[in-house]
Amino acid sequence: MTDHLTRALRTARIVPVIRHPDTTIAETACHLLAEEGARVLEITMTVPDANGLLQRLGAAHPDVILGAGTVLDAAQAQAAIASGAQFVVSPCWCDTVAAACRAAQIPYLPGAMTPGEVLHHAQASAHVVKVFPADAAGGPGFLRALRAVFPDIALMPTGGITPGNAADYLAAGALCVGMGGNLLPAAALEADDEATARDLIRAALNGAR
């Protein structure tokens, strides 16, 4: 699964990170993203009924690789994996989450903000290191500096990534980028404006391709 995920992330370039307090809005966004060509989705555990959403999405879009995000403990990791998550993401390193992923042979993508954290996570078996929050850490320039000293560590910057700067992160050496609120067209979906939501999603996904 690890090599398959790496190829999928590199091809996807943008990984939509789904975070919304309304499960219906989050689910609609996921369906639209999949229909517009997204092949990797990260569903955060802050979405109500996130595990149910993972199950429904897995049934509706078997060609989409689903991950669980904002996973903070072993119980969350185990429940997400049982619900169909094919990779697990945390905002920082969590020993119990890492152990649960190793036991299930599921790739773990923990967050890091410093060079020391990046190296620790990679040496501790992280499949990909999520650079978070990427904008606050220094943006594309910071990512480029990390790549200079860690050329063999796959990095996924997340946090503050927009359709306007995603290409800069990719050019700086990102394997892919995680994009949340700047990709999920919450206002359009809340207004039941599917046409605008699709336009915004299409523009964001195409912006880094």
Side-chain angles (χ1 to χ4, degrees), residues 1-19 33 38-45 54 64-72 74 76-77 80-81 84-140 142-161 165-180 183 205 208-209:
M1 177 62 193
T2 55
D3 290 340
H4 176 58
L5 179 62
T6 298
R7 290 193 297 271
L9 292 173
R10 182 179 291 113
T11 300
R13 295 172 70 82
I14 293 178
V15 176
V17 180
I18 308 304
R19 187 188 307 278
L33 283 158
R39 287 298 169 263
V40 182
L41 296 174
E42 177 186 330
I43 313 303
T44 66
M45 293 297 98
L54 282 168
V64 175
I65 296 175
L66 300 174
T70 319
V71 178
L72 304 178
Q76 282 188 329
I81 293 167
Q86 294 164 274
F87 63 96
V88 171
V89 185
S90 299
C92 58
W93 180 268
C94 299
D95 286 335
T96 58
V97 175
C101 290
R102 281 195 297 271
Q105 297 186 311
I106 291 291
Y108 182 40
L109 288 65
M113 191 178 179
T114 68
E117 290 173 337
V118 170
L119 183 60
H120 167 270
H121 298 358
Q123 291 180 337
S125 76
H127 178 60
V128 173
V129 177
K130 166 183 168 177
V131 179
F132 176 80
D135 57 341
F142 179 65
L143 188 79
R144 188 175 294 107
L146 288 177
R147 288 289 296 162
V149 294
F150 302 127
D152 298 324
I153 299 177
L155 302 175
M156 181 180 75
T158 305
I161 312 296
N165 65 24
D168 295 332
Y169 282 95
L170 293 164
L175 174 71
C176 60
V177 299
M179 191 183 302
L183 172 57
L205 291 177
R209 289 175 178 165

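By convention here, the first residue in the shown sequence is residue 1.
Taken to the nearest 0.5 Å, the CG atom of L9 stands 12.5 Å off from the CD1 atom of I14. Interatomic distance, L155 CG to K130 NZ, rounded to the nearest 0.5 Å: 13.5 Å. Summarising the geometry, atom CG belonging to L175 is positioned 8.5 Å from atom CE belonging to M156; distances are rounded to the nearest 0.5 Å. Here the CE atom belonging to M179 is positioned 7.0 Å from the CD1 atom belonging to I161, to the nearest 0.5 angstrom. The CG atom of D3 lies 7.0 Å from the NE2 atom of H127; values are rounded to the nearest 0.5 Å. Atoms CG and CD1, from L54 and I18 in turn, are 11.0 Å apart once rounded to the nearest 0.5 Å.
The shortest non-hydrogen separation linking V71 to A77 is CG1-N, 3.5 Å. Nearest heavy-atom pair across L205 and A38 is CD1-N, 4.2 Å. Residues P140 and A172 approach most closely at O-CB, 3.5 Å, considering heavy atoms. Heavy atoms only, all atoms of each residue included: P107 and C101 are closest at O-SG, 4.4 Å. Of all the heavy atoms in A100 and I81, the pair that sits closest is O-CD1, 4.3 Å.
Judged by distance alone, the side chain of R147 and the main-chain N or O of I153 form a donor-acceptor pair under 3.5 Å. A donor-acceptor pair is defined here as one N or O able to donate and one able to accept, closer than 3.5 Å; such a pair exists between the side chain of H121 and the backbone of E117. A side-chain donor-acceptor contact under 3.5 Å links N165 to the backbone of G160.
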V17 vs E42, side chain to side chain contact (heavy atoms under 4.5 Å, CB included): CA-CA, chis, key distance, verdict: CA-CA 5 Å; V17 180; E42 177 186 330; 3.7 Å; yes
Chi angles and distances behind the side chain to side chain contact (heavy atoms under 4.5 Å, CB included) call for V64, L33: CA-CA 10 Å; V64 175; L33 283 158; over 6 Å; no
Please evaluate residues F142 and V131 with respect to the criterion side chain to side chain contact (heavy atoms under 4.5 Å, CB included), reporting the C-alpha separation (whole Å), side-chain torsions for both, the decisive distance (0.1 Å), and the verdict. CA-CA 10 Å; F142 179 65; V131 179; 4.2 Å; yes
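Judged as a side-chain hydrogen bond (donor to acceptor under 3.5 Å, both in side chains), the pairs with a partner in residues 88-103 (not counting sequence neighbours) are, in order, S90-Y108, W93-D95.
Applying the side chain to side chain contact (heavy atoms under 4.5 Å, CB included) test between F87 and each of V40, L66, V128 identifies V40 as the sole match.
Annotation: side chain of R39 is not in contact with side chain of T11 (no heavy-atom distance under 4.5 Å). No side-chain heavy atom of T158 sits under 4.5 Å from any side-chain heavy atom of Y169.
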